[in-house]
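Below, chains carry the letters A, B, ... as their sequence lines are ordered, and counting in each starts from 1.
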Number of protein chains: 2
Amino acid sequence: MDRLSKIGEGRSVRPQTAADGVTAILREAIATGTLAPGAALRQDELAKEFGVSRMPVRDALRYLEAEGLVAIHPTRGAVVAAMNATDISELYALRELLEVEALRLSMQKQNPDSLRHAASVLEQLDRETDVGRWGQLNREFHVALYRDCGNRRLLDLIEAQHAASDRYVRIVLSNLDYRERSQDEHRAMLFSCMQGDEKAAVGHLTRHFRDACAALLDYMTSRAR
Amino acid sequence: MDRLSKIGEGRSVRPQTAADGVTAILREAIATGTLAPGAALRQDELAKEFGVSRMPVRDALRYLEAEGLVAIHPTRGAVVAAMNATDISELYALRELLEVEALRLSMQKQNPDSLRHAASVLEQLDRETDVGRWGQLNREFHVALYRDCGNRRLLDLIEAQHAASDRYVRIVLSNLDYRERSQDEHRAMLFSCMQGDEKAAVGHLTRHFRDACAALLDYMTSRAR
DNA sequence: ATCTGTATACTCGTATACAAGAATACGAAT
DNA sequence: ATTCGTATTCTTGTATACGAGTATACAGAT
């Protein structure tokens, strides 16, 4: 048997390659805004900065392009993807569509483990003070509610959209008022899920997205001049 | 002004790079089944075959990985993504979710140009005899119905899922019976769209997906032994 | 005979080097 | 002064070279 026929097996335990490291650092830098939207990403420059050659940097840029965080223009270079009102509306409309469906499917499975985990993440979110962790925990909470939906492809897509909206999420979450409201909505969602009240849960989730989207659009227009 | 601040402008007119060419050839080979699911994709081998170095091949593999057509395992190589019943179910459930939403949104815009284009593609499909073009025209018809949905991100996602299901679509479309049924459903969809009957259009589209999915699952189980 | 350990071969990841294309800057002509 | 053309510089795309990790094969031990 050919040695390569086994490649597809096993979990995707990515050995930590240089490109992965660069990807992670760049992703974080983009999420935090250290690399602002529109900023040019020169291969040479980044390579020197990270102490690697341009090859891993190229790979990293391709990964981030797939995630929608950077835009690559062949022979011209890469830039951090733009942030604008249109993108926000589209992104949140899409997330609502995907996540409402995933929530519905998951609730039919009734897995208490997932809800327990969601509850634990929710508490961590209350205690967490580090801005950087909020986005991550927020994602973890949402995914915990969906993970029993039984559609891996759907879950992957949801995670991808989360990565794309991470930049936005951090903005709204740095607002204390919004943070409290968000947590209220999270608690309401979790409660409805535990009760098995699908309609209520979906309602809370929908409102959650609409709220976040509205807060972001407000923020964008307010500082757009 | 820095020269790079202009990178993001203009349409994404990708200059035909070697990597793009390799990507296109590989994508087609995977779609037609020339490269069967599970087949190993050696960088050296492909590079020699296409008369380029391994670098463009690497890039191509990354693109195809993002499209879900190949699975890359670092330090172990890449293989053509597997085709199985689970994947089919997930993929079609996802497409149904995305495309029904896009259709709904598009129909609210009422753009007769799109429908005219869809009708023209439909006629081409009737006349087309080349198997390779069916998948492409099929995609064009569907996208024509959705393109006014006003959410670019949603459209991109739909196109991505189409690319992933191209392999499957070609299988069901090579069955004459199914082809006729599919065209009937297409015509029914278009008719409902022209009438502005959203409920009926969505019904036809949903049935279209369920039919295709069922036909595929039948096919898979029948020849899986 | 099966299993384990070591050696070998193969493939990928990364680095360096070269070539080609794009944008800017400069100069000449109108 | 403005506009067009050319040259230079910068950046990316591609090729080649090297190093590291993984899997297979073979040999020895249990």
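Between A/Gln43 and D/dC10 there is no side-chain polar atom (N or O) within less than 4.0 angstrom of OP1 or OP2. Contact annotation: A/Arg76 reaches the phosphate of C/dA23 (side-chain N/O to OP1 or OP2, under 4.0 Å). For C/dC12, the OP1/OP2 oxygens have no side-chain nitrogen or oxygen of B/Arg58 closer than 4.0 Å. Neither OP1 nor OP2 of C/dA20 sits under 4.0 Å from any side-chain N or O of A/Thr75.
C/dT14 atom P lies 15 Å from atom CZ of A/Arg62, rounded to whole Å. With rounding to whole Å, A/Glu65 atom CD is found 10 Å from D/dG13 atom P. The interatomic distance linking B/Asp44 (CG) with C/dC10 (C1') rounds to 9 Å, in whole Å. Between the CD1 atom of B/Ile72 and the C1' atom of C/dT11 there is a distance of 14 Å, rounded to whole Å.
Here the side chains of B/Val79 and B/Leu41 are not in contact, with every heavy-atom distance at 4.5 Å or above.
Among all heavy-atom pairs drawn from B/Phe141 and B/Ala118, the shortest one is CD1-O, 3.4 Å. Heavy atoms only, all atoms of each residue included: B/Glu140 and B/Val121 are closest at OE2-CG2, 4.0 Å.
Near-neighbour residues of DNA chain C inside residues 45-56 of chain B, defined by a heavy atom below 4.0 Å, number-ordered: B/Arg54, B/Met55.
When each of A/Leu103, A/Leu105, A/Asn111 is paired with A/Met107, the side chain to side chain contact (heavy atoms under 4.5 Å, CB included) condition holds for A/Leu103 and for no other.
Under the ring-ring contact (aromatic ring centres under 6.0 Å, His included) criterion, A/His208 pairs with A/His142, A/His186, not counting sequence neighbours.
Sorted by first then second residue, the salt bridge (Lys or Arg N to Asp or Glu O under 4.0 Å) pairs that include residues 153-166 of chain B, not counting sequence neighbours, are A/Asp87-B/Arg153, B/Arg139-B/Glu159, B/Arg152-B/Asp156, B/Asp166-B/Arg170.
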